[in-house]
Amino acid sequence: MKKNVFALLSVLALISTAGAQSFIEITEGGWGEGRDFARPCFADIDNDGLLDLIVGDRNGTLEHLEQSAPGSFLFVSLTKTFNNIHLASDPAPRMKDIDNDGLLDLLIGDYSGTLHHYEQNAPGDTGFSLVSEAFNGIQVGRISTPSFTDLDHDGLIDLIVGEEDGNLNHYEQDHENSYDFSLITESLGGIDIGFISTPAFADLDGDGLLELLVGQNTGAIHYFKQSGPGSATFDFVTSQYIDIPIWQPCPVFVDLNDNGLLDLMIGDLSGFVWYYEQPSAASDRVVLITQNVLPGHDFGSNVNPFILDIDQNDKMDLIVGTANGTIVHLEQDSSGSSFFTVVTDSFNNIQLGGGHACPVFADLDRNGLLNLIIGRSNGRLEHYEQASEYSLIFNENSEPFNGLDVGEFSKPCFSDLDHDGLWDMLVGNGDGALFHYEQAEMNSLHFNLTTEAFNGILVPHMVRLCITDLQKDGQLDLIIGNSSGCLHHYEQGLQDPMLFSLVTETFADIQIGNSVSPYFGDVDGDGLDDLLIGERYGGVYYYRRKDQTGVPDHHPIIAETHHFELKPNYPNPFNPKTHIVFYLPKTASVEIGIYDLAGKKVETLLHGWSRPGYHYLTWDASEYSSGVYFIKASSGSSGQLQRCLLLK
């Protein structure tokens, strides 16, 4: 019998290298919509009665969106690369017909401190052509943000340019319809807010005096009031015009619904565009309408996804850890759908402070209740436990999980690497290292450190990892995301399950942004593990597994199936150990027990949550007398499976 077992393992070794991983990116449903440092401007470019929204992104591109309907605050993305413009970084667009020729002029500030000038090709055309890479030779240092107004009502455009040092540079048009502007002062009204000034002007209360809002890097929005009609000086009102958690706010005024009330739109570091509106025409204040008018799933920055069906309702739950330490919960609209709807942006009111949150779920003590372990920016792990089976309520354990501290930016994952019935925990950190811990004993919540350099793996900054079985052959795959935007793929050794070897540094040829965080789960319900990737700019990318693994369907252990399955144990007959294999099509609670001929349960091998794929258990029957036994396996609504065991 042993020879047969070794022969089977040899077949597995050959087959595990046969399959190829092929994934196709899915964009429907708002996937891959992460943005960073949004800097908006509005205009009806094509004269169709719908406002166009041009949003600068930190990566140097401009996204073009359009109102979904007249007066709506919902926008539809048309292109991520408006006119194929790609600047160095931090583009801040503003539109105005400077020379009054019926063609819009587009000025774009950027990290270099210059202003790039483009002009519309024809009235109503969305095409723009470059006029100058240094409008009027203006150079304000770094992070230039332009704004237009007419301070003194003389018909000449005033160009106010914010910059990194926090002051406001004032230029005025030399004569009407001219492209020539002259510097008036490098410090409009002596205003200096400290760091990264982003100005916006409007007469909010209709008194003939301009209100000036200046966003600051730290999140403050400074409010100034023009001293008198036509004055170039402004009186300070407050440094906290709006009390909201925004970093690097970039304000702009527009009337979205043409109702005579000004709307204040604020881009921020997370890539959101916040929408505020005047409550009345005479008010110099605004009220919040919605946190983000941009479409798609954008969770801020540095997000970490995890997917499973927590409440076992056949709709997957997407749990996303964010950079501000909160957890967002989305649920699939229907089984297999690409569309998910936000349930709450504060899952169980978890608030871990800034840095990041990396959530993972596992039933560590095999009591049928999920443990939620969350990696933190301080290198520790927080522990929550499910209140009851299939519940969405999780209770906090006040002590950091195992007192563990890996330095900074901990990212855990769990698996039984060597099939010994004990959970292994791998924890990546901010320095690119990988720590390995093993469960002290079966069903324990205590883990012991094995090594701080698992397999000597060291990747470029910020290890974010997951473990899966791509071939469903029992030979595990370790996928590591990092700051490069690529995924490193390591495969488990056949002889030593703790030995993982590098397969490729560009898994599936995927490269997106940076600081990528992968996780595998069967989103579409086809029995194949799909890939979700969180990234720095707040988006979650969805790659659907689109092919089989190349594994022959007749193979007794690794045949592809979409059903809960209990394979024949091997060896059988046995003495004293036999190996048990079962397959789960999706994350579920599983109970596996051994029963004697009288139907009495003599041992529980597993009771708890398990992730999709093949799982391997060993029953050591040293303490039992020879005879016939039965193994029974049950999972949720899948019913009970049973096989006969013969202990010699």
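Just the heavy atoms: all of them, side chains too, but no hydrogens, waters or symmetry mates, feed the values below. Residue numbers start at 1 and run along the sequence shown.
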Any heavy-atom pair between the side chains of [Y] and [X] that's under 4.5 Å?
X    : Y    : result
Y543 : I533 : yes
F435 : T451 : no
D477 : V503 : no
D365 : S444 : no
I327 : V320 : no
N371 : L445 : yes
S517 : P305 : yes
L330 : V343 : no

Quick one: [atom1] on [X] to [atom2] on [Y], what's the gap to the nearest 0.5 Å?
X    : Y    : atom1 : atom2 : answer
I196 : I143 : CD1   : CD1   : 3.5 Å
L426 : Y437 : CG    : OH    : 10.5 Å
E164 : D90  : CD    : CG    : 10.0 Å
E408 : N429 : CD    : CG    : 7.0 Å
D268 : C250 : CG    : SG    : 10.0 Å
L381 : D405 : CG    : CG    : 9.0 Å

Minimum heavy-atom separation for [X] to [Y], with atom names?
X    : Y    : value
P249 : G219 : CD-CA, 3.7 Å
G527 : D522 : N-OD2, 2.8 Å
I307 : G521 : CG2-CA, 3.8 Å
S301 : A323 : O-CB, 3.0 Å
M442 : R366 : SD-NH1, 3.6 Å
F500 : N455 : N-OD1, 2.8 Å

Strictly distance-based, threshold 3.5 Å: is any side-chain N or O of [X] a donor or acceptor partner for the main-chain N or O of [Y]?
X    : Y    : value
T322 : T326 : yes
N348 : F394 : yes
D496 : M498 : yes
N302 : H356 : no
D333 : S337 : no
Q439 : W423 : yes
Q240 : I242 : yes
S589 : G368 : no
Q511 : C486 : no
E535 : Y537 : yes

> Going through the distances and angles, do N367 and H607 end up as a side chain to side chain donor-acceptor pair (under 3.5 Å)?
Replying inline: CA-CA 6 Å; N367 64 351; H607 179 202; over 6 Å; no
Using 4.0 Å as the upper bound for N to carboxylate O, is an ion pair formed by [Y] and [X]?
X    : Y    : answer
E163 : R142 : no
D309 : K315 : no
E591 : K601 : yes
K80  : E33  : yes

>> Does Y241 form a ring pair (Phe, Tyr, Trp, His ring centres under 6.0 Å) with H222? I'd like the steps, not just the answer.
In response: CA-CA 6 Å; Y241 180 70; H222 297 255; over 10 Å; no
Can you check whether [X] and [Y] have ring centres sitting under 6.0 Å from each other?
X    : Y    : result
F37  : F272 : no
F507 : Y490 : no
F414 : F361 : no

>> Under the criterion side chain to side chain contact (heavy atoms under 4.5 Å, CB included), I'd like the reasoning laid out for L434 against E452: C-alpha separation, chi angles, the key distance, then a yes or no.
In response: CA-CA 6 Å; L434 189 55; E452 295 182 359; over 6 Å; no
> Step by step, would you call N448 with E438 a side chain to side chain donor-acceptor pair (under 3.5 Å)?
Replying inline: CA-CA 5 Å; N448 296 319; E438 189 174 49; over 6 Å; no
> Could you walk me through whether C413 and I467 pass the side chain to side chain contact (heavy atoms under 4.5 Å, CB included) check?
Replying inline: CA-CA 7 Å; C413 76; I467 292 175; 3.9 Å; yes
> Considering residues at least two apart in sequence or located in another chain, which fulfil the salt bridge (charged side-chain N to carboxylate O under 4.0 Å, His left out) criterion with D363?
Replying inline: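 In terms of salt bridge (charged side-chain N to carboxylate O under 4.0 Å, His left out), with neighbours along the sequence ignored, D363 is linked to no residue.
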>> F340 vs H297, test: side chain to side chain contact (heavy atoms under 4.5 Å, CB included). Steps then yes/no.
In response: CA-CA 9 Å; F340 284 69; H297 299 307; 4.3 Å; yes
>> For N482, run the side-chain hydrogen bond (donor to acceptor under 3.5 Å, both in side chains) check against R464, E505, H488 and tell me which one passes.
In response: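 The side-chain hydrogen bond (donor to acceptor under 3.5 Å, both in side chains) with N482 is passed solely by H488 among R464, E505, H488.
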Consider side-chain contact (heavy atoms from CB on, under 4.5 Å). Of [options], which one does [X] pass it with?
X    : options                : result
V463 : D431, V406, L458, I480 : I480
L487 : T504, D509, L531, L465 : L531
I374 : I319, L352, N304       : L352

>> Go through it in stages, so that I can follow the logic: the residues are E603 and W619, the test is side chain to side chain donor-acceptor pair (under 3.5 Å), and I'd like the CA-CA distance, side-chain angles, deciding distance and then a yes or no.
In response: CA-CA 9 Å; E603 189 165 340; W619 182 38; 3.1 Å; yes
>> Run the side chain to side chain donor-acceptor pair (under 3.5 Å) test on S335 and D314 for me, step by step, so that the C-alpha distance in whole Å, both residues' side-chain angles and the decisive distance to 0.1 Å come before the verdict.
In response: CA-CA 6 Å; S335 181; D314 289 326; 5.8 Å; no
>> Would you call the rings of H436 and F454 parallel, tilted or perpendicular, taking 30° and 60° as the class edges?
In response: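 Tilted, since the angle between the ring planes falls between 30° and 60°.
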>> Set out, in order, the CA-CA distance, both residues' side-chain angles and the distance that settles side chain to side chain contact (heavy atoms under 4.5 Å, CB included) for E382 and L372, then state yes or no.
In response: CA-CA 8 Å; E382 301 298 330; L372 167 58; over 6 Å; no
>> Going by ring-ring contact (aromatic ring centres under 6.0 Å, His included), name the residues that satisfy it together with Y519, two or more places apart in sequence or in a different chain.
In response: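 ring-ring contact (aromatic ring centres under 6.0 Å, His included) check on Y519 returns F306.
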